[in-house]
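Let me begin by presenting the structure, written as structure tokens, before commenting on it.
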2 protein chains.
Amino acid sequence: MRPLFHPPIEDVTVEGILHALSDPVRVAIFADLATSSCAYNCSNFLNITEKKIPKSTLSHHFKALREAGLIRAERRGVEMHNTSRCQEIETRFPGLIDAIINAHKVQIESAQRAGKKRAARKGK
Amino acid sequence: MRPLFHPPIEDVTVEGILHALSDPVRVAIFADLATSSCAYNCSNFLNITEKKIPKSTLSHHFKALREAGLIRAERRGVEMHNTSRCQEIETRFPGLIDAIINAHKVQIESAQRAGKKRAARKGK
DNA sequence: AACTCTGGTTCCAATAGTATGAACTATTGA
DNA sequence: TCAATAGTTCATACTATTGGAACCAGAGTT
């Protein structure tokens with residue numbers, strides 16, 4: 001097994017971070033990883049969301065997050081142990097991750113509100 | 001001339017914003033637009049940067065920013081008048097734009113420091 | 001050791017998105 | 001109306017993403 005590549009924090013770019021988090025699946029994975037203290041692996045994420053994302057696609061997504069410098073991945077026996085690199089990124093780009101995670105949360109909440117409104121209109 | 005499409009602010013997504021700003025040219029255009037009070041058009045941007053970006057490419061970039069909800073574009077005679085939609089976005093996603101613009105600035109500064117170091121080493 | 005299960009990765013082909021020169025359109029001014 | 005300027009659209013080459021199939025690696029089991 002070839003060792004996993006993790007870019008040093010000084011090589012992490014804003015563009016790379018934004019690109020990695022511009023995918024709904026990836027930003028959901030990262031938000032989970034960043035806000036909950038526990039680490040996820042691919043299978044956990046599959047179970048948590050109800051979407052059926054193919055495992056090859058999910059593997060690509062985790063790789064994208066890793067290569068953007070957003071997460072750290074290490075093998076723990078048969079599965080992967082993923083943790084966010086929030087601390088390091090906070091040092092390099094203060095406030096960036098918080099703002100993105102918060103915006104993501106805001107968006108989910110506003111979507112839920114819109115969904116309830118639609119349901120209410122339908123119910124009339 | 002078909003009227004330009006601008007998404008209403010409630011349709012603007014984090015993913016859309018991040019994707020639009022995950023391109024170095026687009027984030028540079030937007031940072032310029034957001035920080036300077038004056039509005040740029042394609043040609044201005046071409047003159048400001050020393051890069052030779054084809055105008056068709058630049059047109060696509062401005063379109064991407066517009067459709068992501070980041071800028072507002074209107075025709076002023078023969079040229080376009082582009083302004084950022086920072087205020088609206090700040091209301092919907094507080095702190096997001098500031099954090100990205102700031103991170104972009106940090107990155108440019110750290111790249112300049114790295115450049116100077118390289119030059120100093122070379123000079124020895 | 002071989003077998004097997006589980007969790008992930010890699011390969012490859014289809015699809016989607018991006019870049020750019022060339023042709024085109026819109027507006028202004030002579 | 002003609003020319004100049006600013007931008008858009010078209011066509012095509014190129015690049016990135018997706019996801020099924022095959023593969024690989026570690027931990028138990030026989």
Side-chain angles (χ1 to χ4, degrees), chain A residues 1-6 13 15-30 32-33 38-68 70-83, chain B residues 1-6 13 15-30 32-33 38-68 70-83:
Chain A
M1 193 90 215
R2 106 172 59 142
L4 295 168
F5 172 72
H6 292 94
T13 65
E15 290 89 347
I17 290 175
L18 300 192
H19 179 250
L21 297 181
S22 70
D23 179 280
V25 175
R26 285 196 296 259
V27 75
I29 294 173
F30 183 73
D32 264 1
L33 261 176
C38 73
Y40 284 114
N41 55 29
C42 293
S43 302
N44 280 339
F45 188 75
L46 268 183
N47 295 339
I48 284 156
T49 63
E50 271 129 49
K51 295 169 190 170
K52 310 138 196 77
I53 302 161
K55 62 178 185 170
S56 59
T57 305
L58 214 43
S59 180
H60 289 310
H61 283 322
F62 274 89
K63 189 185 178 192
L65 289 170
R66 181 167 48 78
E67 294 189 340
L70 285 162
I71 65 173
R72 196 170 286 285
E74 49 184 319
R75 191 172 261 284
R76 285 273 175 95
V78 79
E79 49 187 52
M80 300 300 289
H81 183 89
N82 295 292
T83 44
Chain B
M1 194 89 215
R2 107 170 60 143
L4 295 167
F5 172 71
H6 292 93
T13 65
E15 289 90 344
I17 289 174
L18 299 191
H19 179 251
L21 297 181
S22 69
D23 179 280
V25 175
R26 285 196 296 259
V27 77
I29 293 173
F30 183 72
D32 264 2
L33 262 176
C38 73
Y40 285 114
N41 54 27
C42 294
S43 301
N44 279 340
F45 188 76
L46 268 183
N47 295 339
I48 284 155
T49 63
E50 269 129 50
K51 295 169 190 169
K52 310 140 196 73
I53 303 162
K55 61 178 185 168
S56 57
T57 305
L58 214 43
S59 179
H60 285 309
H61 282 323
F62 274 90
K63 188 185 179 191
L65 289 169
R66 182 167 47 78
E67 294 188 342
L70 286 162
I71 65 172
R72 196 169 285 286
E74 49 182 317
R75 190 171 261 285
R76 286 273 174 94
V78 78
E79 50 187 50
M80 300 300 288
H81 182 88
N82 294 293
T83 45

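Treat the numbers as computed from the prediction; the structure is a model and nothing was measured. The chains referred to below are lettered A, B, ... by the order of the sequence lines, with proteins before strands, and numbering in each begins at 1.
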May I have the distance from A/Lys63 (atom NZ) to D/dA16 (atom P), rounded to whole angstrom?
12 Å
Between B/Arg26 and A/Glu15, is the side chain to side chain contact (heavy atoms under 4.5 Å, CB included) condition met? List the steps.
CA-CA 10 Å; B/Arg26 285 196 296 259; A/Glu15 290 89 347; over 6 Å; no
What's the CD-P distance between B/Glu79 and D/dT5, to the nearest Å?
13 Å
Rounded to the Å, how far apart are B/Ile53 CD1 and D/dT8 P?
15 Å
Whole angstrom value for the distance that separates C1' of C/dT6 from CE of A/Met80
14 Å
Of the listed nucleotides C/dA26, D/dT18, C/dA19, the one nearest the side chain of A/Thr57:
D/dT18
Taking only side-chain nitrogens and oxygens of B/His19, does any of them come within less than 4.0 Å of OP1 or OP2 of D/dT17?
no
A/His81 and side-chain contact (heavy atoms from CB on, under 4.5 Å): which single residue from A/Glu74, A/Arg75, A/Arg72 fits?
A/Glu74
Starting at the 5' end of DNA chain D and moving along, which residue's nearest nucleotide shows up first, B/Arg66 or A/His61?
B/Arg66
Between CE of B/Met80 and CG of B/Leu4, what distance do you get to the nearest 0.5 Å?
4.5 Å
In whole Å, what is the span from the CG atom of B/Leu58 to the P atom of C/dT20?
11 Å
Between B/Val78 and B/Asp23, which has a closest nucleotide on DNA chain C that is more 5'?
B/Asp23
Stepwise, does the side chain to side chain contact (heavy atoms under 4.5 Å, CB included) test hold for B/Leu18 with A/Asp23?
CA-CA 9 Å; B/Leu18 299 191; A/Asp23 179 280; over 6 Å; no
Nearest 0.5 Å please: distance from the CG atom of A/Leu65 over to the CD1 atom of A/Ile17.
11.0 Å
When only distance counts, do a donor and an acceptor, one from the side chain of B/His60 and one from the base of C/dT20, lie under 3.5 Å apart?
yes
Calculate the interatomic distance between A/Arg26 atom CZ and D/dT17 atom P; express it in whole Å.
7 Å
Nearest whole angstrom, please: distance from the C1' of D/dA25 to the NZ of A/Lys55.
12 Å
Tell me whether the side-chain N or O atoms of B/Ser56 pair up with the base of C/dG21 as donor and acceptor below 3.5 Å, since no angle test is needed here.
yes
Interatomic distance, A/Arg76 CZ vs C/dG8 P [rounded to whole Å]
13 Å
